[in-house]
Amino acid sequence: MEPPVGGTPSGGTDLLRLERIRKQYATTVALNGASLSVRPGEIHALLGENGAGKTTLMRVLDGITRPNSGAIFWRGRRVEIASPQAAAALGIGMVHQHDRLVPALTVAENFALAMGDHFWLAMDSVRAVVKDVEGRFGGNVDPDAVVADLSVGQRQWVSLLRVLAQEVTLLVLDEPTATLTPLERDVLFDALREYRTSGLSVIFITHKLDEVFALSDRVTVLRNGREVATLDTAATDRQELVTFMVGRRIETGFDPPPATVGRPLLRIEGLHISGERRLVQDVELEVRAGEIVGIAGVDGNGQRELIEVICGIREADGGGVWFSDGSRCWNRGLSASIARIPEDRHRHGLALGLALWENLHLGRWGQRGLVHQGLIDRQKAHRLCVSLLERFDVRAAGPDQPAGELSGGNQQKAVLARELGDEPELVIAMNPCRGLDIAAARFVLEQLLAVRGRGGGVLFVSYDLDEILSVADRILVMSSGRIVGEVIPGDGADQRIGLLMSGEKLDRP
C-alpha cells in the first residue's frame, strides 16, 4: 500500500505546485498525473527509475515540453509556461543533465548567449559576471576557455553557473553530480546550502541516495509517471526509498566469489601521452582473465586519455598496449573479442537518430554475418536485435524505434547489448553507470561481473568510488597522469584510495 502523497493544496504556502501533469508521446505515457510541491527555501530531491518521468516533468516546468493536461501554480497563482524564456521570467532556471553549451565558443560567450536579447554585450562585462558568480558559488572557471576543451565535469559547472548568473528563485538540477569530482560535488553542495539559506529553492534530480540524505529537506518519488510518495528526508531510509522507486525490494550490494585469474588479456607498458601537460606518464598495468581491475581518481587525471589510447582513438607518444593475441594497439579499431562501453552514450555510444536494430549492429555487421554481397540482411538483423533486446532487458517498442526515444537506462542497456552480446573476452568500460538509477546501475555492474565469471577481463574506470569498490578485484589510483598505487577492496579501502588521490604514499595495498 502506498502512502498518501505529500504537499499542500494548490496555492497555500508552496512556491511551486505541479498538479496532475499528464504527457503522452504517441502510445507512450511519460507522465500519468504526476504532482510535485516545492516550498520556499527548501532543497527537494526528485527520485525515480530511468523512465519514471522525472526529466519530462522538469521539462514541463521549464517550458520545453507542453503537457496534455494538468496545472502549474507559481506562488499560489496558476501560470502557463510555454517556453524556457517564460520560465526564466518567473525566476525558474534549469541545468540539464547533458549540457546545452556551444562547444566552439568560450565560457564567456556562452554566458552572453543567456544574458538577454542584447544586440551587443561588452565581453569584459560578461567576464566580470562569470568571475562574480564563480566567486559566490565556486567552480574555478576560466571565462576565456573554449568549451570544447573542457572536461565533462567542467562543462557541467559552466552550465550551472550560467543559470545561477540569472538570479533564479527556483533552481532545477538534473543529475548535476553525474560528471563532477568528489571535491566539485562538495563545493556544489555547499553552494546549494548557501543558496537555500537566502530563501531560494532547489529541485534536485539524482539517483544517488547518499546525496538525497546529505542534501535534501524533502524527497518525492516518481514511478511510472506518477508521484508515489513525498516524504521528509529525515523520516525515511534507503530501503524504503528504493522500494518506492522500483516497487519491490532490491539488493544494493554484491558478494562475488573470489577471483580466479588466468592469462593476461591486456598489458600496458611505459605508456605516455604529451600535450600542453603530461596527460599520461609512464603508465603500466595488466588485466588478466577472470578479474575486474578498477581505475579510480578525480576526473582529469589521465583516465580518459588512457582509455582512448587503449581503444585506438588516440595515439600515444611512447610505450605500448598489447592484447592477449600478442597484437599491439596503435591507432586502430578494437577486435571482435574486445568491447568498449564509452563514457557518454549520447556522443559516443549510440546514433540517437538511427533505429535500435541499426545501433545494435554498428561495427559488427560482418562478424555477425549480416552482410551478403554488399547488402544488409535486414530480416536477420531484426531477429538478432530482438534477441539482444530481450537478453539485456531493453524496454523498447521494437527494433525500429529510434535510440533517442529510449530512457537513459534503456539506452545504456542497448549499448551493453551491442558490446557484450558476442561475449567478448575483454571489456573496457568508462563510467558505464553514469546517470543511471539504482536498478539500471546494478544491471550494468552485474553484466561486468558476468564477464568476470565466465573468465573474461574488465578494465573499469569510474569516478564513483562506491561502484568500483563494489565489484573490482584490484583498484589502481590515477593522479596527475600516473598510476600512484594499488588498493585491494576491503575495510578502509576508500580512505587509502583518498590518500593516494591526495598525493600520499601507502605502505600496503
Side-chain angles (χ1 to χ4, degrees), residues 50 96-99 150-157 159 174-185 188 205-208 210-211 254 279-280 285 287 292-311 313-314 334 338-350 407-420 426-449 451-452 457-472 475-479 481 483 494 497 501:
N50 291 112
H96 299 265
Q97 181 179 353
H98 298 278
D99 71 74
L150 301 179
S151 69
V152 177
Q154 290 171 323
R155 292 199 300 268
Q156 182 74 356
W157 263 109
S159 298
D174 190 354
E175 294 286 350
T177 65
T179 59
L180 299 183
T181 67
L183 178 59
E184 289 173 327
R185 180 195 61 199
L188 171 63
I205 300 177
T206 182
H207 290 126
K208 300 177 181 179
D210 289 343
E211 296 180 352
F254 296 95
L279 301 173
V280 173
L285 65 84
V287 179
I292 297 177
V293 177
I295 295 184
V298 176
D299 184 16
N301 278 276
Q303 304 97 314
R304 187 173 293 106
E305 292 82 6
L306 173 63
I307 296 302
E308 288 175 351
V309 169
I310 295 172
C311 296
I313 299 171
R314 176 191 289 264
L334 296 177
I338 305 171
R340 173 187 175 231
I341 303 174
E343 179 180 20
D344 191 326
R345 56 183 170 269
H346 282 186
R347 286 188 171 94
H348 307 123
L350 297 167
S407 68
N410 284 306
Q411 287 177 348
Q412 191 70 342
K413 287 180 180 180
V415 173
L416 293 178
R418 182 185 66 230
E419 297 298 321
L420 305 184
L426 176 65
V427 176
I428 313 295
M430 184 159 186
N431 291 317
C433 300
R434 175 191 168 197
L436 301 185
D437 61 52
I438 292 173
R442 183 177 180 84
F443 181 88
V444 171
L445 297 177
E446 286 173 342
Q447 298 308 307
L448 299 184
L449 286 169
V451 173
R452 171 191 187 265
V458 179
L459 183 62
F460 176 29
V461 180
S462 176
Y463 304 136
D464 189 320
L465 187 54
D466 290 335
E467 290 175 4
I468 295 181
L469 288 169
S470 67
V471 298
I475 300 173
L476 307 176
V477 181
M478 284 196 76
S479 179
I483 301 291
D494 53 346
I497 292 171
M501 287 181 184

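The figures here come from the full heavy-atom set of this structure, side chains too, leaving out hydrogens, waters and symmetry mates. Starting from 1, each residue takes its place in the sequence as its number. What you see is a predicted model, and the numbers here were worked out from it, not measured in a lab.
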(message) Run Val427 and Leu459 through side chain to side chain contact (heavy atoms under 4.5 Å, CB included) and show every step you take.
(response) CA-CA 6 Å; Val427 176; Leu459 183 62; over 6 Å; no
Taking all atoms of both residues into account, what is the closest heavy-atom pair of [X] and [Y], and its distance?
| X | Y | result |
| --- | --- | --- |
| Leu448 | Ala429 | CD2-CB, 4.5 Å |
| Gln412 | Val444 | CG-CG2, 4.2 Å |
| Pro342 | Val415 | CD-CG1, 4.0 Å |
| Gly409 | Ala440 | CA-CB, 4.3 Å |
| Leu445 | Ser470 | CD1-OG, 3.8 Å |
| Phe460 | Pro432 | CE1-CD, 3.4 Å |

(message) Can you see whether His207 engages Glu175 through a side-chain donor-acceptor pair at a distance of less than 3.5 angstrom?
(response)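 Side chains of His207 and Glu175: pair found under 3.5 Å.
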Looking at [X] and [Y], would you say the former's side chain and the latter's main chain have a donor-acceptor pair under 3.5 Å?
| X | Y | answer |
| --- | --- | --- |
| Asn431 | Tyr463 | yes |
| Arg155 | Leu150 | yes |
| Arg345 | Arg434 | yes |
| Glu211 | Thr206 | no |

(request) Would you mind checking if Glu446 and Arg442 are paired as a salt bridge, meaning a charged N to carboxylate O distance below 4.0 Å? (result)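 Looking at Glu446 together with Arg442, the answer is yes, because their closest N to O distance falls below 4.0 Å.
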(request) May I ask you to decide whether Glu419 forms a salt bridge with Arg340, counting only side-chain N to carboxylate O separations under 4.0 Å? (result)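 Salt bridge flag = no for Arg340 with Glu419.
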To the nearest 0.5 Å, how far apart are [atom1] in [X] and [atom2] in [Y]?
| X | Y | atom1 | atom2 | result |
| --- | --- | --- | --- | --- |
| Ile468 | Cys433 | CD1 | SG | 10.5 Å |
| Leu279 | Gln303 | CG | CD | 11.5 Å |
| Ile295 | Ile428 | CD1 | CD1 | 8.5 Å |
| Ile497 | Leu465 | CD1 | CG | 4.5 Å |
| Ile483 | Met478 | CD1 | CE | 5.0 Å |
| Gln411 | Leu436 | CD | CG | 10.0 Å |

(request) Please assess Leu285 against Leu306 for the test side chain to side chain contact (heavy atoms under 4.5 Å, CB included), listing each intermediate value before the final yes or no. (result) CA-CA 11 Å; Leu285 65 84; Leu306 173 63; 4.1 Å; yes
Given side chains that start at C-beta, do those of [X] and [Y] come closer than 4.5 Å, heavy atoms only?
| X | Y | answer |
| --- | --- | --- |
| Pro176 | Gln156 | yes |
| Glu343 | Arg304 | yes |
| Val458 | Val287 | no |

(message) His346: which residues meet the ring pair (Phe, Tyr, Trp, His ring centres under 6.0 Å) condition with it, sequence neighbours left out?
(response)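 Ring pair (Phe, Tyr, Trp, His ring centres under 6.0 Å) check on His346 returns His98.
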